[in-house]
Amino acid sequence: MPKAEVRAQKEQTVNELADKLSRSQLVVVTDYRGLTVTEMSNLRGRLRQAGAEYQVAKNTLTRFAAKQAGRAGLLDDLTGPSAIAFGYEDPSALAKSFQEYLRAARTSPLVVKGGVLGDRRVTADEIGAIADLPSREVVLGQTLGAVVGPLTSFLGVINAPLQNLIGIIDARIRQLEEAGASTEGSGNGE
């Protein structure tokens with residue numbers, strides 16, 4: 001293959017990696033040595049369910065891509081064989097997927113080296129801590145509950161006097177109807 005074609009392929013790979021890095025909320029770098037093809041497929045499937053993509057990448061090309069994408073925090077983790085998980089959606093879901101995989105596999109040779117959350121470098125321990133965070137949906141639900149709860153109480157407080165007024169008006173209407181019925185009834189008997 002001519003050098004120009006090889007160079008063009010490498011540039012394309014760097015651009016693709018840079019795009020994935022820039023779109024990712026959480027990027028996790030792992031050492032995948034010792035994983036069988038089946039284990040790698042299982043891990044990829046688990047990560048896909050978490051909205052992530054997992055691929056083996058050459059460190060040299062990934063370094064160029066990391067610099068291009070503004071994710072220089074990855075550079076320290078790009079030593080030895082590396083596979084990268086690109087988490088496009090919920091960072092905690094990606095971290096949980098790794099944690100669950102490692103728990104289920106127990107003897108897996110997979111090693112989480114570190115990664116980047118946004119623009120900040122995170123260690124393997126911090127990725128484990130991210131796994132303990134609630135999912136995006138749970139946080140949104142809690143936030144919505146925190147906003148709606150007080151509003152519902154406030155509406156109840158505002159609504160109570162109106163309900164009392166309606167009750168008083170209804171009672172007065174019944175009272176007047178009863179009084180009117182009793183005067184009509186006494187007039188017919190004479």
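What you see below is based on every heavy atom in this structure, not just the backbone, and it leaves out hydrogens, waters and symmetry mates. Just so it is clear, the structure is predicted and the values come from calculations on it, not from any experiment.
Nearest approach of A57 to T62, heavy atoms of both residues: CB-OG1, 3.3 Å. Between A18 and A65 the shortest heavy-atom distance is N-CB, 3.5 Å. Considering every non-hydrogen atom in both T13 and L61, the closest pair reads CG2-CD1, 3.9 Å. Annotation for N59 and G80: closest pair ND2-O, 2.6 Å, computed over non-hydrogen atoms. In this structure, F86 and L94 approach most closely via the heavy-atom pair C-CD2, 4.5 Å.
L21 and V122 are members of different hydrophobic clusters when ILVMFWY side chains are connected at heavy-atom separations under 4.5 Å. Put simply, Y88 and L74 are part of the same group of oily side chains (I, L, V, M, F, W, Y) that touch within less than 4.5 Å, one to the next. Residues Y54 and V27 do not share a hydrophobic cluster, clusters being chains of Ile/Leu/Val/Met/Phe/Trp/Tyr side chains in contact below 4.5 Å. L35 and V28 fall within the same hydrophobic cluster, defined by Ile, Leu, Val, Met, Phe, Trp and Tyr side-chain heavy atoms under 4.5 Å apart, directly or through other members.
By the neighbour-count criterion of 12 heavy atoms within 6.0 Å, atom CZ of F64 is sparsely surrounded, having that number or fewer from other residues, nucleotides or ligands.
R63 contributes a side-chain N or O that, together with a main-chain N or O of L78, makes up a donor-acceptor pair within less than 3.5 Å. The closest donor-acceptor contact from the side chain of R71 to the backbone of S24 lies under 3.5 Å. Formation of a donor-acceptor pair under 3.5 Å by the S22 side chain with backbone atoms of A69 is not found in this model. A distance-only check finds no donor-acceptor pair linking the side chain of E5 to the backbone of P2 [under 3.5 Å].
A salt bridge does not link K96 with D90: every distance from a Lys NZ or Arg NE/NH1/NH2 to an Asp or Glu carboxylate oxygen is 4.0 Å or more. Remark: R174 does not engage E178 in a salt bridge, criterion side-chain N to carboxylate O under 4.0 Å.
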(message) Using side-chain contact (heavy atoms from CB on, under 4.5 Å), reason through T30 and L43 one step at a time and then give a plain yes or no.
(response) CA-CA 12 Å; T30 64; L43 178 58; 5.9 Å; no
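Residues meeting the side chain to side chain donor-acceptor pair (under 3.5 Å) test with N15, sequence neighbours left out: Q68.
For the atom pair CG (L26) and CD (E126), the distance works out to 11.0 Å, reported to the nearest 0.5 Å.
Listed by first and then second residue, the salt bridge (Lys or Arg N to Asp or Glu O under 4.0 Å) pairs involving residues 44-53 are K20-E53, R46-E100 (not counting sequence neighbours).
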